[in-house]
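For this chain, numbers begin at 1 and follow the sequence in order. Just follow the structure's listing: the first ligand is 1, and inside any ligand the first atom is 1.
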Amino acid sequence: MTTDIATPLDLPCGARLSNRLCKAALTEGLADPMNRATDKLERLYRLWSEGGAGLVLTGNVQVDRTHLERPGNVVIDGNGGIEALKAYAKAGTVAGNHLWMQINHPGRQAPISVNRNPLAPSAVPLKVAGNNHGDPRAATEEEILDVIRRFAYVATVARETGFTGVQIHGAHGYLISQFLSPIANQRTDAWGGSVANRARLVLEIAKAIRTAVGADFPIGLKLNSSDFQQGGFSNDDAIAVVQLLNGAGIDLLELSGGTYEQPVMIGAGDDKAENAPATESTRQREAYFLNYANLIKPHARMPVMVTGGFRTKRGMNEALASGGADVVGLGRPMCVDTDLPRRLLSGEIDRVPTWETDLRLAPNALGPEVGADMRRQIEVWGKQGWFCLQLILIGEGKGANRELVD
Ligand SMILES: Cc1cc2nc3c(=O)[nH]c(=O)nc-3n(C[C@H](O)[C@H](O)[C@H](O)COP(=O)(O)O)c2cc1C
């Protein structure tokens with residue numbers, strides 16, 4: 001029988017996903033000032049649960065209040081809010097789907113307004129135009145061990161509060177991805193250098209979480225298929241990391257790509273960069289990372305999910321039938337229409353709306369002092385802000401605003 005979006009999937013830990021569609025992690029910014037869950041998250045996740053995806057991933061939840069990916073992140077670090085997490089998990093599973101909490105530490109990709117000297121593998125600043133991130137400092141060994149304990153603690157709380165799994169965020173240039181990158185990680189101790197050393201953090205986190213949550217609880221990992229940067233974490237590195245992870249009890253490996261320096265995960269980034277996937281021809285093929293995932297898949301003993309650019313049922317089914325992916329992730333379309341998986345599965349629609357058309361500022365929109373790099377930065381992240389605002393509107397009960405001026 002051919003696998004398609006409606007086929008259930010049994011995971012190594014024994015859990016079952018009812019279909020092959022996943023609502024990818026989308027940062028919500030809807031926590032309260034103490035970074036605890038709110039009824040806005042309940043409202044949003046109830047809709048996503050009812051939306052039909054077999055797997056719903058939360059936006060990234062941080063392990064430390066002093067290190068946020070953005071203000072408004074949910075944090076679990078002894079800041080209370082356990083009842084709110086239970087209500088959030090209950091709302092996000094009303095339809096019987098899986099709801100996995102994505103766990104993250106942003107490392108040097110924390111805004112300067114949150115942390116002026118964020119923790120990182122090495123003191124290597126981000127290279128982005130108009131950088132609004134602080135100067136990173138190299139973590140001590142004790143701080144690395146503390147991060148590992150924090151990931152395991154958050155996973156335990158996720159399990160106790162009703163989330164049905166967790167996902168480790170090892171992609172997109174955040175702390176784990178920084179450790180994996182030969183550019184961001186210039187350590188000469190056991191946590192840097194060889195790919196095995198760079199992968200030590202993610203492996204130790206996976207092990208610590210498995211010990212903490214037991215054998216039957218799903219653990220996912222989001223990993224870059226490549227950072228697409230000269231001298232950075234490459235596709236070969238990704239293959240080596242997956243081989244190391246094969247014995248680590250990962251139930252679902254999600255493949256994406258890119259960092260803030262090279263934001264190919266949202267179809268942007270420098271097309272001329274190292275093997276950049278977001279060229280026009282790849283966009284037409286719709287799945288940004290499928291070619292790279294195909295190279296990794298034969299080495300992976302766990303099921304593989306691919307996220308980035310999927311917009312047609314045909315494209316999704318082809319990726320599944322070819323064996324290139326076992327699960328397909330959907331991100332930006334779900335910021336506007338929360339029920340797309342249900343409509344794809346029922347046959348009501350055969351493609352999802354594409355909102356991510358490139359934002360291009362008018363030539364005279366910014367002064368001449370604003371350089372091309374800065375201009376591009378505003379265009380890429382301005383469009384990202386449009387999606388973030390949709391989540392806030394839905395969470396507040398106002399519904400998505402498709403006419404929102406960008
Ligand atoms: C508003 C927004 C928030 C995002 N937040 C996260 C996040 O918290 N964690 C993560 O791993 N990826 C995050 N992403 C990336 C998505 O999970 C996904 O990888 C990306 O949007 C590509 O998929 P798509 O083409 O279907 O949108 C975010 C993307 C958007 C647009």
Side-chain angles (χ1 to χ4, degrees), residues 21-31 41 44 48 53 55-62 68-70 72-75 100-106 109-110 166-177 220-225 252-260 263-269 277-278 282-283 285-290 292-293 305-312 315-316 319 325 327-338 340-341 344 351-359 380-395 400 404 406:
L21 295 177
C22 169
K23 177 255 147 206
L26 297 166
T27 182
E28 314 91 359
L30 289 172
L41 286 163
L44 182 59
W48 274 328
L55 173 59
V56 173
L57 288 168
T58 71
N60 62 157
V61 169
Q62 312 305 324
L68 304 181
E69 166 261 338
R70 68 185 270 208
N73 283 152
V74 173
V75 179
W100 296 3
M101 180 185 286
Q102 186 186 59
I103 312 177
N104 192 27
H105 187 304
Q109 288 186 169
V166 290
Q167 185 192 56
I168 303 164
H169 196 348
H172 300 171
Y174 297 110
L175 187 69
I176 293 174
S177 165
L221 168 69
K222 190 165 185 170
L223 186 73
N224 278 351
S225 52
L252 186 63
L253 174 72
E254 178 182 2
L255 293 172
S256 181
T259 67
Y260 283 15
V264 291
M265 63 284 208
I266 46 172
T282 315
R283 281 203 191 108
R285 279 205 304 276
E286 85 171 54
Y288 306 153
F289 304 111
L290 198 55
Y292 299 91
M305 162 168 156
V306 183
T307 303
F310 281 101
R311 298 295 177 262
T312 67
M316 298 171 202
V327 178
V328 166
L330 274 178
R332 284 161 292 181
M334 298 292 286
C335 295
V336 182
D337 297 290
T338 52
L340 294 171
L344 284 167
R351 60 173 58 238
V352 301
T354 305
W355 299 103
E356 62 272 15
T357 45
D358 234 4
L359 168 67
V380 168
W381 295 108
K383 188 73 200 201
Q384 180 76 351
W386 188 89
F387 289 102
C388 291
L389 279 172
Q390 301 297 346
L391 299 185
I392 291 173
L393 289 171
I394 299 172
L404 197 64
D406 59 8

Identity and distance of the protein heavy atom lying nearest atom 3 (C) of ligand 1:
Thr27 N, 3.3 Å
So, does Gln390 sit close enough to ligand 1 that a heavy atom of it is under 4.0 Å from the ligand?
no
Answer yes or no: is there a donor N or O on one side and an acceptor on the other, between the side chain of Gln102 and the main chain of Ala25, under 3.5 Å?
no
Contacting atoms of ligand 1, where contact means under 4.0 angstrom from a heavy atom of Gly308:
22 (C), 23 (O), 25 (O)
I'd like to know whether the aromatic ring centres of Phe310 and Phe289 sit less than 6.0 Å apart in this structure.
no
Mark up the atoms of ligand 1 that fall under 4.0 Å of a heavy atom belonging to Arg332, in ascending order.
21 (O), 24 (P), 25 (O), 26 (O), 27 (O), 31 (C)
Counting heavy atoms only, which part of Leu330 comes closer than 4.0 Å to ligand 1: side chain, backbone, both or neither?
backbone
Which residue and heavy atom of the protein sit nearest atom 9 (N) of ligand 1, plus the separation:
Gln102 OE1, 2.8 Å
So, regarding Gly309 and ligand 1 (criterion: nitrogen or oxygen to nitrogen or oxygen, under 3.5 Å), is there a contact or not?
yes
side-chain contact (heavy atoms from CB on, under 4.5 Å), paired with Glu28, selected from Ile392, Leu41, Val61:
Leu41
Just which atoms of ligand 1 are under 4.0 Å from any heavy atom in Phe387?
1 (C)
Check each atom of ligand 1 against the heavy atoms of Thr307 and keep those under 4.0 Å away; list them by number with element.
18 (C), 19 (O), 23 (O)
Among all protein heavy atoms in this structure, tell me which lies nearest to atom 6 (C) of ligand 1, with the distance rounded to 0.1 Å.
Ala25 O, 3.1 Å
Which residue and heavy atom of the protein sit nearest atom 12 (N) of ligand 1, plus the separation
Lys222 NZ, 3.2 Å
In terms of atom number and element, which parts of ligand 1 are under 4.0 angstrom from non-hydrogen atoms of Arg311?
24 (P), 25 (O), 26 (O), 27 (O)
Could you check whether any heavy atom of Cys388 sits closer than 4.0 Å to an atom of ligand 1, since that is the contact criterion I want to use?
yes
Looking only at atom types and distance, does a side-chain atom of Trp355 sit under 3.5 Å from a main-chain N or O of Phe387, one as donor and one as acceptor?
no
Atom 26 (O) of ligand 1 [closest protein heavy-atom partner, distance rounded to 0.1 Å]:
Gly331 N, 2.8 Å
Around atom 2 (C) of ligand 1, find the nearest protein heavy atom and jot down its residue, atom name and distance.
Gln384 NE2, 3.2 Å
Any donor-acceptor N/O pair, Lys23 side chain to Leu57 backbone, under 3.5 Å
yes
Answer yes or no: is there a donor N or O on one side and an acceptor on the other, between the side chain of Ser225 and the main chain of Ser256, under 3.5 Å?
yes
For atom 20 (C) of ligand 1, the protein heavy atom that lies nearest, with its residue and separation
Met265 O, 3.5 Å
Note: Glu69, heavy atoms under 4.0 Å from ligand 1, region reported as neither
Can you name the atoms of ligand 1, numbered from 1 with element, that are less than 4.0 Å from a heavy atom of Ala24?
17 (O)
